[in-house]
Participant: 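I have a structure I would like to understand better, so I am pasting it below and will then ask my questions one at a time.
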Amino acid sequence: MLEQAAPGESQKKKIAESSQAPLPPLQGAEIGNVVTRFPPEPSGYPHIGHAKAAIIDEEYAHMYNGKFILRFDDTNPLNEKLEYYEAISEGLEWLGIRPDIVKNSSDDIQLLHEYGKKLILSGGAYVCTCNQKTIHDLRARGLPCECRNDLNVALDRLKKMFDGSFEHNAAVIRFKGDMSNQNTAMRDPTLFRIIDGEHPKIGNKIRLWPTYDFAAPVEDSIDGVTHAMRTKEYELRNALYFAILDRLGLRKPLLIEFSRLEFNGVPISKRKIKPLIEKGIVKSWSDPRLPTLMGIKRKGFLPDAIRKFVLSLGLTLAETKPPVETLEAFNRKIIDSYCMRLFFVKDPVELQIQNVSSKEIILKNHPNNDLGTRKVPVSDSFYISAEDAAKLNINDEIRLMDLYNIKIIKFEPNQTRKALIAAAIPENIRQGIPKIQWVAKSDAIPYKVMITRELYLGEKYNPNSLEICEGYAESFVSMLNIDTRIQFVRFGFCRIDDSNNAIFTHR
RNA sequence: GCUCCGGUGGUGUAGUCCGGUUAAGCAUUUCGCCCUCUCAAGGCGACGAUCCCGGGUUCAAAUCCCGGCCGGAGCACCA
């Protein structure tokens, strides 16, 4: 007894040490025997909410040396599309999540049918031909309908369910639950319905499709899932989940719920995003303002930051909207060490230096780490940002970073700051002097940085959710590959979107 | 309306099951200092929570019990 307990304890310690993941231990989990699953419906593009679920599922499987299954819950041919299967797979791959098994619920459609039949045959379910409204009303009132009572009727209709005699939506298979149960999920929920539609994987041969309520528990059970995690809006269906497995005599996984992940001002539902895309307000599903994986990626976030962030949220039932700043902090710490520091000036203002000649200087790409250097040709003409120029007065001394100090002599035209004339000061860098970034006129390329903010302010679309900053960047920037992450000094971290555009990630 | 689930500093969480040994740990945010040719990162520090409220049990409650308030979810032939 003691000897058996000991290795378990040491294994637990190992887990605690090896994993930075602060996830709590899983109830009843044994090393090597944990199976988790991520069951998205391929009916849309994956978003941060999917990421949370998938990361937790995978993390636990990994933590216990178990298996992680990606199962497309494609039981409604009206919703599923091939491109979504792929988008989800790609999204997970980007997140660095590699499933041990990939499957579709629709792969098991025959088996699901068998279990459905079995349930009716054993009196655990029946075929209901009432119309939707009647079903709804009776459920609301907690009353049974005629269909539920006669097994012979059910058997007769069962045949018709399969031989195609019923029209689309003409009949459903219902669980024989408890019509007066407090938990409305138990009031004879629909388990199968007839849908005429082309399924992307199955075609139109199959018309009888299980609902989530039926497919999820059966699939989890036969897939060997030990710990089934889902978001907390399913909590009331737990009883149903277990009741179905009970009646079918199938093994029961452990169910664990956690809260959904959402951000303030960032709509996550298709319902809210689609109209924005249709109206052209948001260009595509990869718009950096969206919480889609494509959008988040485009904005410049790293999968690793997302993982750390998700794990920092923990498994809680409390509904909260964590601030995006936390995600940004994780991201910033990761990318800081390898982002080149480059110059970009927003709203450029010309700067003429009087007493200097042209030369080529060498700039370091990172202050602390060796990321190489670059050569920049400079003459006596520069651009600095209007924001910096606005703060300057005659006789002020500032430093052009990595170059030299200057003293402002006059504004051109007089008293406006449209252009500045300054003199270089033969003095070395000193502490306390303001330092600003610059772009040499001879090396400047027109450049734009897209800044995104939350799409919604309260319930209203935020018209300022997208700002384009125009200015000049040093020409070096144009040689960077798309997807490169950089820091524009004193501006913020950005991701190169194309040769003369970047997207602001965060400061 | 009915049922279920939540409620810890500005924010996200740990601790709550097995009540005391931390009257509350971590992260983030904000501010200050150090470092620094960035408004980044790093280092140090500070501010900040009567643990939703009111009762009760107990020598002792964030932790147990009761009531209330607030928030969310479910009540689909969607998942």
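Naming convention: chains lettered A, B, ... in sequence-line order (proteins, then strands); numbering from 1 in each chain.
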Participant: Rounding to a whole Å, what distance do you find between A:Trp209:CH2 and B:C77:C1'?
Facilitator: 15 Å

Participant: For the side chain of A:Arg507 and the base of B:A40, is some donor closer than 3.5 Å to an acceptor across the two?
Facilitator: no

Participant: Rounding to an integer number of Å, can you tell me how far A:Asn183 CG sits from B:C75 P?
Facilitator: 10 Å

Participant: Could you tell me whether the phosphate oxygens of B:A41, OP1 or OP2, come under 4.0 Å of any side-chain nitrogen or oxygen in A:Arg332?
Facilitator: yes

Participant: Would one find a side-chain N or O of A:Thr75 under 4.0 angstrom from OP1 or OP2 of B:A79?
Facilitator: yes

Participant: Does a donor on one side chain and an acceptor on the other come within less than 3.5 Å for A:Asn405 and A:Arg399?
Facilitator: yes

Participant: Is A:Gln27 atom CD crowded by more than 12 heavy atoms from other residues, nucleotides or ligands, each under 6.0 Å away?
Facilitator: no

Participant: In whole Å, measure the gap between the C1' atoms of B:G20 and B:U58 for me.
Facilitator: 11 Å

Participant: Using purine N1 to pyrimidine N3 plus N6-O4 or O6-N4 for Watson-Crick, or N1-O2 and O6-N3 for G-U wobble, each under 3.5 Å, what pairs with B:U13?
Facilitator: B:G25

Participant: Taking N and O atoms by type only, does the side chain of A:Gln487 place a donor or acceptor under 3.5 Å from a partner on the base of B:U38?
Facilitator: yes

Participant: So which nucleotide does B:A73 pair with, by the Watson-Crick or G-U wobble rule with both distances under 3.5 Å?
Facilitator: B:U3

Participant: Is A:Asp213 touching bases, backbone alone, or none of the nucleic acid, heavy atoms closer than 4.0 Å?
Facilitator: nothing

Participant: With a 4.0 Å limit, can you tell me whether A:Arg193 has a side-chain N or O closer than that to the phosphate oxygens OP1/OP2 of B:A79?
Facilitator: yes

Participant: Roughly how many Å apart are B:G68 and B:C18, using the C1' atom of each and rounding to a whole number?
Facilitator: 29 Å

Participant: Taking atom P of B:C37 as reference, at what distance in whole Å does atom CG of A:Leu363 sit?
Facilitator: 14 Å

Participant: RNA chain B: A:Thr320 or A:Asp402, which has the more 5' nearest nucleotide?
Facilitator: A:Thr320

Participant: Can you tell me the distance, in whole Å, between the CD1 atom of A:Ile206 and the P atom of B:C77?
Facilitator: 22 Å

Participant: Using the C1' atom in both, what is the distance from B:G55 to B:G12, to the nearest Å?
Facilitator: 32 Å

Participant: With a 4.0 Å cut-off on heavy atoms, is A:Asn76 in touch with a base, just the backbone sugar-phosphate, or nothing at all?
Facilitator: sugar-phosphate

Participant: For the pair made of CD1 in A:Ile335 and C1' in B:U38, what is the distance, rounded to whole Å?
Facilitator: 15 Å

Participant: Got more than 12 heavy atoms from elsewhere within 6.0 Å of CZ, A:Arg271?
Facilitator: no

Participant: Report which part of the nucleic acid A:Ile429 touches: base, sugar-phosphate, or nothing (heavy-atom distance under 4.0 Å, all strands).
Facilitator: base

Participant: Is it true that, when you exclude A:Asp370 itself, more than 12 heavy atoms of the residues, nucleotides or ligands shown sit nearer than 6.0 Å to its CG?
Facilitator: no

Participant: Partner lookup for B:A46, please. Criteria are Watson-Crick or G-U wobble with both distances under 3.5 angstrom; report none if nothing qualifies.
Facilitator: B:U30

Participant: Answer yes or no: side-chain N or O of A:Arg399 and base N or O of B:C37 forming a donor-acceptor pair under 3.5 Å.
Facilitator: yes

Participant: Counting side-chain heavy atoms from CB outward, which of B:G12, B:C77, B:C75 is closest to A:Thr184?
Facilitator: B:C75

Participant: Return yes if the base of B:A73 and the side-chain atoms of A:Tyr234 contain a donor-acceptor N/O pair under 3.5 Å, otherwise no.
Facilitator: no

Participant: Which value, in whole Å, describes the distance between the C1' atoms of nucleotides B:G25 and B:G54?
Facilitator: 29 Å

Participant: Looking only at side-chain atoms of A:Arg139, point me to the closest of B:A76, B:C37, B:G74.
Facilitator: B:A76

Participant: How are the rings of A:Trp209 and A:His199 set relative to one another: parallel (under 30°), tilted (30 to 60°) or perpendicular (over 60°)?
Facilitator: parallel

Participant: Say we look at B:G6 and B:C53: how far apart would their C1' atoms be, to the nearest angstrom?
Facilitator: 16 Å

Participant: Looking only at the side chains, is there a donor atom on one of A:Ser43 and A:Glu41 sitting less than 3.5 Å from an acceptor on the other?
Facilitator: yes

Participant: Distance between the C1' atoms of B:C52 and B:C78, in whole angstroms?
Facilitator: 35 Å

Participant: Can you tell me how far C1' in B:A27 sits from the matching atom in B:A14, rounded to whole Å?
Facilitator: 11 Å

Participant: What nucleotide among B:U38, B:G12, B:C77 has an atom nearest to a side-chain atom of A:Thr190?
Facilitator: B:C77

Participant: Whether the A:Ser105 and A:Asp73 side chains hold a donor-acceptor pair (N or O, under 3.5 Å, no angle test) is what I'd like checked.
Facilitator: yes

Participant: So, is A:His136 near the phosphate of B:A76, with a side-chain N or O under 4.0 Å from OP1 or OP2?
Facilitator: yes

Participant: Under 4.0 Å between any heavy atoms, over every strand shown, what does A:Pro323 touch: base, sugar-phosphate, or nothing? Just pick one.
Facilitator: sugar-phosphate

Participant: Under 3.5 Å for both donor-acceptor distances, Watson-Crick or wobble: does B:G19 have a partner, and if so which one?
Facilitator: none

Participant: Closest approach to the side chain of A:Arg341, judged atom by atom: which nucleotide of B:G74, B:A79, B:U38 is it?
Facilitator: B:U38

Participant: Looking only at atom P, what distance separates B:U50 and B:A24, rounded to whole Å?
Facilitator: 12 Å

Participant: Which distance, rounded to the nearest 0.5 Å, do you find between the CZ of A:Phe162 and the CG of A:Leu208?
Facilitator: 5.0 Å

Participant: Could you tell me how far apart A:Asp178 (CG) and B:U3 (P) are, to the nearest whole angstrom?
Facilitator: 15 Å

Participant: In whole Å, I'd like the distance from the CD1 atom of A:Ile436 to the P atom of B:C37.
Facilitator: 17 Å

Participant: A:Arg271 has an atom CZ; how far is it from atom C1' of B:A79, in whole Å?
Facilitator: 15 Å

Participant: Around A:Lys272, counting heavy atoms of other residues, nucleotides and ligands shown, do more than 12 lie under 6.0 Å from its NZ?
Facilitator: yes

Participant: Let me know, please, whether A:Asp73 or A:Val489 comes out on the 5' side of the other along RNA chain B by nearest nucleotide.
Facilitator: A:Val489

Participant: If pairing requires Watson-Crick or G-U wobble contacts with both distances under 3.5 Å, which nucleotide is the partner of B:A61?
Facilitator: none

Participant: Base, sugar-phosphate alone, or nothing: which one does A:Gln132 contact when heavy atoms must sit under 4.0 Å apart?
Facilitator: base

Participant: Which atom pairs link the protein and nucleotides 4-6 of chain B when you take only N or O atoms and keep those under 3.5 Å?
Facilitator:
none

Participant: Can you identify which nucleotide, out of B:C78, B:G74, B:C77, has its nearest atom closest to the A:Arg237 side chain?
Facilitator: B:G74

Participant: Taking atom types as modelled and ignoring hydrogens, do the side chains of A:Asp74 and A:Ser106 form a donor-acceptor contact shorter than 3.5 angstrom?
Facilitator: yes

Participant: Between A:Arg485 and A:Thr505, do the side chains contain an N or O donor and an N or O acceptor separated by less than 3.5 Å?
Facilitator: no

Participant: Select base, sugar-phosphate, or nothing to describe what A:Ser43 touches, counting heavy atoms under 4.0 Å on all strands.
Facilitator: nothing

